[in-house]
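Heads up, the thing below is written out as structure tokens.
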Amino acid sequence: MDQQQFYDRLNDRMLRYGASPLDQTQVVAITASPDYLASYDGQVATLVASNLLGRLSPSVQVGFPDIPIHPRLPWAGRSLVEHALDGMRAADPFGSYGTRQVTAGDFRFHLGPDGHNTVIHGSGWNAYIGPGPSPLSPIESDVGIGAALAVVLGAAHLFRTRFGAMTESFACNAWDWTDVPKRVEFSPVEVSLGHVMTAGLGSVGSAANYFLALATRDFRASLIDHDGIGIHNITRSPIFTDAHAKVDMAKVDAVAAFLRRAGVEDVAVDAVALHESALWSLREAGSTDILISAANEFNVRYHIEMGFPPIQFYATTGRNWQATLMRHVPGAKACSLCVFPPDEKYAPTTCATDGSTASQTTVEEKRTDAALPFLSFAAGLMTAAEVLKLNAPGYPFSAERVMLGLKGQPLLIGTPIPHRTGCLCEGRDKSVHIAAVAGSRYVVFVGQAEVGR
Ligand SMILES: [Zn+2]
């Protein structure tokens, strides 16, 4: 395949979204303040920035000095610069990626609280983009979520404005998802997350697992997806590469290899759709602690909801430059089918038992599979952030649904999810559901009052 064919396929979903690729002659230079570069948050920022910018642009230069990867990160001790460059080249073998000092004419993507006239800075759960210096107070605990979020916001700004200056400032936090930074010192590494099952390892599911692994390797992973990796998948997933696409590797296998190399010891895979998965259908009651439901084919939400899921998270990317995070707690009044109803014409009845529902489409599934790279990263990051907060006292801190809009200056809006009258969950026995998740780690949230109403 020649370069043009590769780029046509690489950017296919971006073009379908109605956006055009960035000018490839404009070099993006990633720089970082020295103190920030030495910190965990700063290194998360450089890793995510190189990963995401390398997928957005074929011309990226690393302008920060090399340093060993932080002991709290996967790949600890390895060269940070080599790791960043290897990742970019693996995603786009035709791109121009290297290291050099920043020069006039580069678009500078500067990470840290200060050191340039505009900065991209995250600390703890907080994120800031705009003129420097950053107003965020330093947070002691190594969280990385705010740093990654700041990079996503900065990349969205770069893409939206076509390398425009960040003249306006924006600050927010990933704790209660508001535009007011929070002094929260909670670190997600103190307690195991438990058993995290991901149904759907496309851009959002793979990104969620990537961001989880940057924060902690103390969880057990089960991965379910029937699909293989194509070139059009590369730009929206932080894990998928050209080498994966060349052999049409199963998405579950690529994510499993990533997690194992990062240090997650117990990873199980099932390369089939959820309704055919033994990992899902034969799981013992209470054995799955968290479900990341990032699939949208084969009427998957019907199979999930009828299968009495544990606490469930996912985020969708929308047509209007937004990523929307959802949380469904067993026993809450709205389920995922309240949000994404099965197609009316083929709506299954609660007594359907012949498996015919597997082939029905949902409203969600009919949307085109198109998104922008930073939207998929945002959706995966929001999902991972929510999973990482589960062990924090007082959880949850936000409404069941949180929308991050990136069409203009960033915007965060939390809203409750209303029950949809006539939804299949009305016929679901609440006591059976609660019994089915008894023993799972986050059963404490079952039936509790919802935040945001
Ligand atoms: Zn429902």
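Whatever order the structure lists them in is the order used to number ligands and atoms, beginning at 1. These values consider heavy atoms only, across backbone and side chains, with no hydrogens, waters or symmetry-generated copies.
- Aromatic ring orientation, F377 versus F211: perpendicular (interplanar angle above 60°, classes split at 30° and 60°).
- Looking at heavy atoms from C-beta onward, M306 lies in side-chain contact with L424 at the 4.5 angstrom threshold.
- Relative ring orientation between H70 and Y40 is described as perpendicular, the plane-to-plane angle rising above 60° on a 0-90° scale split at 30° and 60°.
- Between Y36 and H121, the two ring planes are perpendicular [angle over 60°; tilted spans 30° to 60°].
- In summary, the side chains of D270 and S277 do present a donor paired with an acceptor at a separation below 3.5 Å, with no hydrogens or angles considered.
- Near the Zn ion (ligand 1), less than 2.8 Å away, sit the protein N, O or S atoms C335 SG, C338 SG, C423 SG, C425 SG.
- Atom CE in M166 sits 7.0 Å away from atom CZ in F109 (nearest 0.5 Å).
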